[in-house]
There are 2 protein chains.
Amino acid sequence: MARLATTTDVFNAVAEPQRREILDLLARGERSVNEITTSLGLKQPQVSKHLRVLSEVGLVTVRKDGKQRLYRLRGETLKPIHEWVSSFEHIWNERLDRLEQYLNQLQNKENEHE
Amino acid sequence: MARLATTTDVFNAVAEPQRREILDLLARGERSVNEITTSLGLKQPQVSKHLRVLSEVGLVTVRKDGKQRLYRLRGETLKPIHEWVSSFEHIWNERLDRLEQYLNQLQNKENEHE
DNA sequence: TTATTATATTCCCATATGGGAATATGTCAA
DNA sequence: TTGACATATTCCCATATGGGAATATAATAA
């Protein structure tokens, strides 16, 4: 059984770092394939392949402008990741809260000795 | 060139849904392999293999208790994902802001006609 | 020591990459 | 129509799965 396809869902699509970089770039605004290629220092076919994956999971949209294909980010598609990972937020915050309490207790003890 | 290994980073580790489910379960507290197996309806070797991946990227820790291996979530390891995906949050919020403005404008125009 | 229980690991398989290399396709200008 | 430019796609390759099946390893009880 192979791994799930990269186009299965958003989690799989962004597992590849180059695709994350493309999204980072598009977050700053619409870009043509060539702009992505030169900005990230990738080969053009690479970029096209990655964009196809991103397009199939709905993370980007494309519009034609003459010879150019301009790609735009659909950031909302990342929400499932945000929601999933945010469900763990209380855990590391809880850990921090405990640390704060512990440090406060330490400080209170020091004040008692003064 | 193969895909990056699942143990390359956290993004790759959580691309597989079963591994996300394991993390969801561990978020509720430490669990033995057998508990994960029965809770998620997976086969034991499957679970062990997934746990190995999660362990190698630092998402879980394991302690021995007699015959049992108890696994615990290290949720902080998910922070890079949270940070990355949160950098896009302003985008979908911005889109909502614009929609509100647009709706407000529509409403103002309707008030003018009354 | 043997049997039971809990879990990790190995071997195997079919599958899907991501990039290289090359080519096909689409658009526009001359 | 041809050539230039922008981009998508195909073929190929080596690689790493995730699960099945089986087995190895570890811990405990009798």
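Every chain is numbered from 1, with letters handed out A, B, ... down the list of sequences.
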Examine [N]: is either OP1 or OP2 under 4.0 Å from a nitrogen or oxygen in the side chain of [X]? Give yes or no.
X	N	value
His50(B)	dT17(D)	no
Arg3(B)	dG18(C)	yes
Lys64(A)	dG26(C)	no

Roughly how many Å is it from [atom1] in [X] to [atom2] in [N], rounded to a whole number?
X	N	atom1	atom2	result
Arg31(B)	dT7(C)	CZ	C1'	18 Å
Asn12(A)	dT15(C)	CG	P	18 Å
Arg63(B)	dT7(C)	CZ	C1'	16 Å

Glu16(A) or Met1(A), whichever maps to the more 5' nucleotide of DNA chain C: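 The 5'-side residue here is Met1(A).
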Nucleotides 4-10 of chain D: protein proximity per nucleotide (B base, S sugar-phosphate only, - neither; heavy atom, under 4.0 Å): -BSBBBB
Side-chain contact test, heavy atoms from C-beta onward, threshold under 4.5 Å: evaluate it for [X] versus [Y] and give yes or no.
X	Y	answer
Leu54(B)	Tyr71(B)	no
Arg3(A)	Thr6(B)	yes
Val60(A)	Leu23(A)	yes

Sequence neighbours excluded - side chain to side chain donor-acceptor pair (under 3.5 Å) pairs with any residue from residues 22-33 of chain A: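 Checked against side chain to side chain donor-acceptor pair (under 3.5 Å) - neighbours excluded - the pairs reaching residues 22-33 of chain A are Asp24(A)-Trp84(B), Glu30(A)-Arg63(A), Glu30(A)-Arg72(A), Ser32(A)-Glu35(A).
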For the student: nearest non-hydrogen atoms of Ile22(B) and Leu51(B), plus distance: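 Taking Ile22(B) first and Leu51(B) second, the nearest heavy atoms are CG2-CD2, 3.9 Å.
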Donor + acceptor pair across side chains of Ser87(B), Glu83(B) (<3.5 Å):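 Absent: no donor and acceptor within the cut-off.
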